[in-house]
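Note: hydrogens, waters and symmetry copies are ignored here, and every other heavy atom, side chains too, is used. Protein chains get the first letters and strands the later ones, always in sequence-line order, with residue 1 at the start of each. Quick caveat, the model's predicted, so the values are computed rather than measured.
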Number of protein chains: 2
Amino acid sequence: MAEDRRIRKTRRALRDALVGLVLERGFTALSVEDITQRADVARATFYSHFRDKDELFARVTRDLLDELDERLRPAVTESAVGFTGKPVLEMLRHARQERDLYRIVLRGEGDGKPLRMFTEACARVAAEEFRGRSERNDVKPRIDADLLARVWVGEQVSVLQWWVEHEAPPMPAEEVVRMLLDLALRGRYWATGFDRPA
Amino acid sequence: MAEDRRIRKTRRALRDALVGLVLERGFTALSVEDITQRADVARATFYSHFRDKDELFARVTRDLLDELDERLRPAVTESAVGFTGKPVLEMLRHARQERDLYRIVLRGEGDGKPLRMFTEACARVAAEEFRGRSERNDVKPRIDADLLARVWVGEQVSVLQWWVEHEAPPMPAEEVVRMLLDLALRGRYWATGFDRPA
DNA sequence: TGCGTTACCGAACAATGTGTCTGGAAACAT
DNA sequence: ATGTTTCCAGACACATTGTTCGGTAACGCA
């Protein structure tokens with residue numbers, strides 16, 4: 001009773017139409033009619049599912065984050081011991097799979113609201129990961145965990161944007177992770193080839 | 001001839017109205033009339049200055065970036081030798097001064113377009129800085145300079161967002177820079193208190 | 001298979017916002 | 001003081017929004 005094929009079909013069509021059109025023209029430039037037209041759905045039907053464009057976008061983003069969270073959970077617990085980069089790798093795979101949606105979210109379409117949802121979700125995961133590691137190993141970090149999480153997520157988002165905006169993947173996901181990890185763990189002196197001063 | 005008091009006044013009023021209103025309600029939710037009303041300017045006058053909301057926002061952002069660029073120039077040449085963090089510090093000061101505008105830009109208002117302008121401007125500066133240092137010191141980086149710049153800017157933006165969204169500054173600018181620098185240069189093992197494995 | 005339910009359609013609606021264009025009043029630089 | 005430029009107030013056609021309606025078609029289930 002909770003599952004009507006018609007509902008799934010319309011929602012899916014609207015979702016796909018949104019993603020495609022935002023990618024082409026940008027979120028603000030779209031009218032509800034543009035979306036329903038591409039989705040081949042009556043405009044009135046749109047409003048029986050969503051209050052407006054923003055709610056549709058928010059819903060699509062929310063679904064994506066739920067999916068990501070589910071994929072991240074095992075990776076996070078698995079990497080609880082050291083810095084394995086497993087969660088990042090899993091995220092990259094997810095991004096490759098849902099590339100178009102990742103692109104529009106990471107671009108900040110929708111006044112950056114979906115992007116904020118994304119970064120905050122990631123920051124939560126990262127902060128939790130850090131805190132867990134600290135407790136288990138009984139070391140106290142020299143830097144506030146929330147700030148550290150923000151920095152880490154900032155790096156990830158930045159690289160994700162770069163990775164996902166290339167038509168052909170500029171390098172395999174595994175390599176991106178390795179680089180990101182090297183950079184984060186060993187620091188910039190290593191990355192730039194400098195020797196670290198005393 | 002290029003200076004008419006009336007023009008400056010209306011432009012300034014529209015600018016301030018935009019920033020204030022975006023901060024309160026978000027960019028998309030605003031109508032041109034909302035803006036002109038708060039600015040106490042006729043709607044027709046708005047269109048004699050800007051094509052639409054977006055052009056106004058883009059112009060405001062552009063001005064901000066020009067200002068930032070001017071402030072950054074001496075800091076960049078000064079820090080050409082090592083990683084001093086001078087440019088970041090200068091940016092934080094600028095952000096404190098233009099806090100509201102920084103907030104809405106960093107939030108990704110306007111479908112993230114102003115934010116993209118901002119990050120790209122910063123990335124240009126950073127990449128130039130890196131390249132200059134590599135040449136001067138004749139070392140070849142282990143990681144592509146552009147990608148490295150992206151990551152570095154990603155961290156900055158992320159921290160900036162965090163810093164600028166707190167009502168009271170959570171920590172002085174100098175301390176933020178020190179942390180960011182420590183983190184970037186010494187790496188995460190240092191930051192979290194772990195010893196680095198072999 | 002048939003039946004009751006539910007989602008979809010297409011059209012209409014008022015309300016709001018957009019972008020452009022007037023003529024006249026006011027402020028400007030010189 | 002004067003000629004120029006900007007601002008204002010109002011009107012305009014047009015697009016978009018969000019809601020409502022009765023009729024039609026697809027649905028889940030017995």
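- Side-chain proximity of Arg5(A) to dA12(C), dC8(C), dC27(D): nearest is dC27(D).
- No donor-acceptor pair closer than 3.5 Å links the side chain of Ser158(B) to the backbone N or O of Gly154(B).
- For Arg51(A) and dG18(D), a side-chain-to-base donor-acceptor distance below 3.5 Å is absent, hydrogens and geometry of angles not being considered.
- If you check dG19(C), dC8(D), dC8(C) against the side chain of Ala42(B), the one that comes closest is dC8(D).
- The NE2-C1' distance, from His49(B) to dT5(D), rounds to 11 Å in whole Å.
- Atom-to-atom, CG of Asp52(A) to P of dG17(C) comes out at 15 Å; the value is rounded to the nearest Å.
- The separation between Arg43(A) atom CZ and dC21(D) atom P is 16 Å, rounded to whole Å.
- Residue Glu167(A) comes nearest to Arg99(A) through the heavy atom pair CA-NH2, 3.6 Å, listed as atom of the first residue, atom of the second, then distance.
- Taking the nucleotide of DNA chain C with the nearest heavy atom to each of Ala44(B) and Arg8(A), the more 5' of the two is matched to Arg8(A).
- For the pair Tyr47(B) OH and dA11(D) P, the interatomic distance rounds to 18 Å; values are reported in whole Å.
- Within 4.0 Å of Arg6(A), counting heavy atoms only, lies at least one base atom of the nucleic acid.
- Spacing between atom CG of Asp4(A) and atom C1' of dC29(D) amounts to 12 Å, rounded to whole angstrom units.
- Here dC8(C) is the nucleotide among dC7(D), dA11(D), dC8(C) with the atom lying nearest to any side-chain atom of Thr10(A).
- Counting only heavy atoms from C-beta outward, the side chains of Tyr102(B) and Leu68(B) approach each other to under 4.5 Å.
- Heavy atoms of other residues, nucleotides or ligands lying less than 6.0 angstrom from CZ of Arg59(B) number 12 at most.
- Distances from the side chain of Thr45(B) to the nucleotides dG19(C), dC8(D), dC8(C) place dC8(D) closest.
- Rounded to a whole Å, the CD1 atom of Ile7(A) is 11 Å from the P atom of dC27(D).
- Heavy atoms from other residues, nucleotides or ligands lying under 6.0 Å from CD of Glu70(A) number 12 at most.
- For the pair Phe46(A) CZ and dT17(D) P, the interatomic distance rounds to 9 Å; values are reported in whole Å.
- In terms of modelled atom types and a separation under 3.5 Å, the side chain of Trp152(B) and the main chain of Ala123(B) share no donor-acceptor contact.
- Annotation: proximity of residues 32-41 of chain B to DNA chain D (heavy atom, distance under 4.0 Å) is found for Asp40(B), Val41(B), numbered in ascending order.
- The CD atom of Glu55(A) sits 15 Å away from the C1' atom of dT17(D) (whole-angstrom rounding).
- Although no hydrogens or angles enter the test, the distance criterion places a donor-acceptor pair under 3.5 Å between the side chain of Glu109(B) and the main chain of Phe27(B).
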